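Just below is one structure, and these are the notes that go with it.
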Amino acid sequence: MVASKPRRRPTSLAPQTDAFLTGNEVAALSVKQMDIHLMGFYPITPSTEIAELLDEMRAEGEHRIVMVAADGEHGAAGLCYGASLTGARVFNATSSQGLLYALEQLPVQSGTRYPMLLDLVTRTISGPLDIRGDHSDLYFTLNAGWVTLLARDPQAVYDLNIAAYRIGEHSKVRLPVIVAYDGFFTSHQKRRLKVFSRDDDVRAFLGPVPGTITAVDPRNPVTIGPYMNDPDLINNKYQQKLAMDAALRVIPEVFAEYARISGRSYPVVDAYLMEDAEVAVFLLNSAAETAKDVADRLRGEGVRAGVISPNVIRPFPATELRAQLRHVRALVIGERADASGAHGANLSHELKSALKDDLENRTLCLSRIYGLGGKDFYAEDAEAFFRLAIEAAAAGRVAVPFDFHGVTATVAGSSTARVLPPLTKREAAPGLVKVRRDEATGALEVKAPPAWQMATRAKRVAPGHGACPGCGIFSGLDQFFKGIEGDVVVLYQTGCAMVTTTGYPYSSHRVTYIHNLFQNGAATLSGLVEAFLERQRRGELPADEDITFVMVTGDGGMDIGMGSAIGTALRNHRLIIIEYDNQGYMNTGSQLSYSTPLGHMTTTSHVGPAEHGKATHHKDTLQIMAATNMPYVFSAVEAFPDDILRKAAKAQWYARNEGTVYGKLLISCPLNWRADDRIGLDVVQAAVDCCFFPLYEVETGKTHLTYDPDEVGRRVPVGDWLALMGKTRHLAQPEYAAELRSLEAEVERRWQGLKAKHAHPLL
Ligand SMILES: Cc1ncc(C[n+]2csc(CCOP(=O)(O)OP(=O)(O)O)c2C)c(N)n1
Ligand code: SF4
Ligand SMILES: [Mg+2]
């Protein structure tokens, strides 16, 4: 049960405090106050902050919610589903691709009728990738069977989050609930608001979790999620429909009860100046607030303007909307998402069909798509909508029923013209690096000039990218690519390397570059390679076109994209996967990845009295990939340039002749490692010298150490490496001694294991 001493539900105004918070901040506060059991999450802008803030509070001992950093949103949704099956109160927050990656889990949650809360901080979906806010992600949930509440401002985020569990857990409803609010507009803008002064009042409003069928009651075994064909499945869906019908009755009841303790009411449909409106606009969330100001102004000019915007879209409040629109002559339905090819997005069609059921209704409807990709919606845009409605009302007809608003033929100052010429054949293949297989021993011999002599070789990534000062990504990648002769096609998964090189309309890449979502890059490149080779075999592409295909990923991409990378390796496609490991999800704000070592501080593994940084050891990705039996696996760092060069050349040989290659580069991230940006190489060198990051290769199954700090007398304690970074300095303090000892022991265990393999002729 949630509260230690369940209190009676309050029925009168509870004490409240003024606060000045963003949507994300107040979302985190509401979750903390509710004392739910578990949050499963995976970082994605703009919702990440909620987990970060909750983790920070947990480190300070301010709550006891179990925070689980998943391997991706699919995993996070699975974690939440599993947790909800125990009868626990469960929470998740996501956006955009994260939501889409979790999508298949959503109907499972609703179809088996296990309530939970998901804060959807809305953001545009790829592609192309855009981190700003529109409702294209939200629209994918409309058929998922979740109750969906819309929070137009941070106050509503707080209030609706608290109301959500009561709605979802109601015995007649038993459905999961989404609270959706606008990415950046609401998630990141501070607003004055009120919050309950005592957590207990929030907990008392929620009450204990209602008893339910759970997966953890051995005396009452149940089958959750049976295999169900016809004739039963349609009945299951009908029950979900009845639950949605019930939600339409329950939501106003819960909102009314909430109004009694908070003083704030949420009608199912927010109707502004609608009593006598002749023209109106229908908008979701923050844009509606902009339109209200414009309606006020138009009223001053004698126009009977109103704004209608739902607080609930699932169940769709058709009756309430019909009632509000009865006397409206013309309505513009503005939507921040398109349903491409459907001549209007989803809510336009739903609203129009709701009106059609009212035989008396004569409202003329115009549907307009606006604000995609986070394009701002200003008062002028709202006014343009009202003018459209005024024109239609005057003409008595709709000239253009559906269109986009705010599209421009060109963007001033924007050009896609090439800035840098592509690499010439000679620049791509200067013939400096040569690899030969010794047929007698099977060993590869690499001939290459020393790395310093390669300094003048043309770079495949041009200078002028947007990475932070001292970032090791591009110098590390450049060293790797210097060992590759000939043309390359690169595929970058999402991460710092991608976002800092391809801000439209510019690209730093002088070779063909592809981006795909970072859980699927390896599969994408597999398909590309296979089709390229097949088209060559069919004579459709020149047989002598020799391209090396390289996927570039961060360590985070090797969490969420692990399945795709392993699948690629098991199929043994001829390509190279190169991971730059900066020990965290850096471009989203330094959250932990599974490669983050024990005790390290990140924004989702805080350091405080109740949390000592990351709680588990770093993933041994090299060994995982080596276990797929791919022909070549290696580790390398920038501090050993000749070593990288040699390994790159071998990687290319194996990718050309035998199959998949995986290489991991440890690269420095001065920003999030909190290290001086001039000492990146020293930090990486220390990571190697303390044996945290051993340099080795696994070549056709055989492990070779390529550098042994013990042998050359350069071994340093793990603590020396940790002392170089702000994110780990705490580990030198006595209260973190257990973490330091554990990390040292793990480093030593893995190092000795590698040494043993190196020494053994078969391993
Ligand atoms: C499905 C999905 N979930 C989450 C994100 C948000 N996201 C983009 S990049 C990234 C982290 C990348 O980490 P890593 O691969 O280590 O690269 P780095 O940022 O450190 O360079 C995350 C979480 C996303 N784009 N798509
Ligand atoms: S956050 Fe770190 S990895 Fe990303 S660009 Fe900056 S220094 Fe490089
Ligand atoms: Mg990373």
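Just so it is clear, the model here is predicted, and its values are computed rather than measured. Ligands are counted one by one from 1 in listed order, and the atoms in each one are counted from 1 as well.
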At what distance is the nearest protein heavy atom to [atom], and which residue and atom is it?
| atom | answer |
| --- | --- |
| atom 4 (Fe) of ligand 2 | Cys496 SG, 2.4 Å |
| atom 2 (Fe) of ligand 2 | Cys669 SG, 2.3 Å |
| atom 3 (S) of ligand 2 | Asn582 ND2, 3.4 Å |

Is there a side-chain contact between [X] and [Y] (heavy atoms, below 4.5 Å)?
| X | Y | answer |
| --- | --- | --- |
| Val698 | Tyr632 | no |
| His730 | His612 | no |
| Phe692 | His618 | yes |
| Leu118 | Pro176 | no |
| Leu695 | Lys647 | yes |
| Val121 | Glu49 | no |

Would you say the Mg ion (ligand 3) has [X] as a near neighbour, meaning an N/O/S atom of that residue under 2.8 Å away?
| X | value |
| --- | --- |
| Asp555 | yes |
| Ser593 | no |
| Gly584 | yes |

Is it true that [X] and [Y] have a side-chain N and a carboxylate O under 4.0 angstrom from each other?
| X | Y | answer |
| --- | --- | --- |
| Asp559 | Lys619 | yes |
| Lys614 | Glu739 | no |
| Arg132 | Asp376 | yes |

Nearest heavy atom to atom 22 (C) of ligand 1 wins, so pick from Tyr580, Tyr42, Phe518, Tyr585.
->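 Result: the heavy atom closest to atom 22 (C) of ligand 1 is in Phe518.
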Which of these, Gly98, Gly584, Gly554, has its nearest heavy atom closest to atom 20 (O) of ligand 1?
->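 Looking at heavy atoms only, Gly584 sits closest to atom 20 (O) of ligand 1.
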Among Asp581, Asp555, Asp620, find the one that has a salt bridge (Lys or Arg N to Asp or Glu O under 4.0 Å) with Lys664.
->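 For Lys664, the salt bridge (Lys or Arg N to Asp or Glu O under 4.0 Å) check succeeds only for Asp581.
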Stepwise side-chain contact (heavy atoms from CB on, under 4.5 Å) check, Glu104 with His74 = CA-CA 8 Å; Glu104 74 160 10; His74 197 243; 2.6 Å; yes
Is any N or O atom of Tyr101, backbone or side chain, closer than 3.5 Å to an N or O atom of ligand 1?
->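 No - when backbone and side-chain N and O of Tyr101 are compared with those of ligand 1, no distance drops under 3.5 Å.
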Is there at least one pair of N or O atoms, one from Gly556 and one from ligand 1, spaced under 3.5 Å apart?
->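 Yes: some nitrogen or oxygen of Gly556 is under 3.5 Å from one in ligand 1.
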Are any of the heavy atoms in [X] under 4.0 Å away from ligand 1?
| X | value |
| --- | --- |
| Ser593 | no |
| Thr588 | yes |
| Asn582 | yes |

Indicate, as side chain, backbone, both or neither, the part of Asn587 found under 4.0 angstrom from ligand 2 when only non-hydrogen atoms are considered.
->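 Looking at Asn587 and ligand 2, no heavy atom falls under 4.0 Å.
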May I ask you to list the atoms of ligand 2 that are less than 4.0 angstrom from any heavy atom of [X]?
| X | value |
| --- | --- |
| Pro670 | 7 (S) |
| Ile473 | 3 (S) |
| Asn672 | 1 (S) |

Quick check: does Cys471 have an N/O/S atom under 2.8 Å of atom 8 (Fe) of ligand 2?
->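 A backbone or side-chain N, O or S atom of Cys471 is under 2.8 Å from atom 8 (Fe) of ligand 2.
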Contact check: Cys468 to atom 6 (Fe) of ligand 2, N/O/S below 2.8 Å =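 Coordinating: yes.
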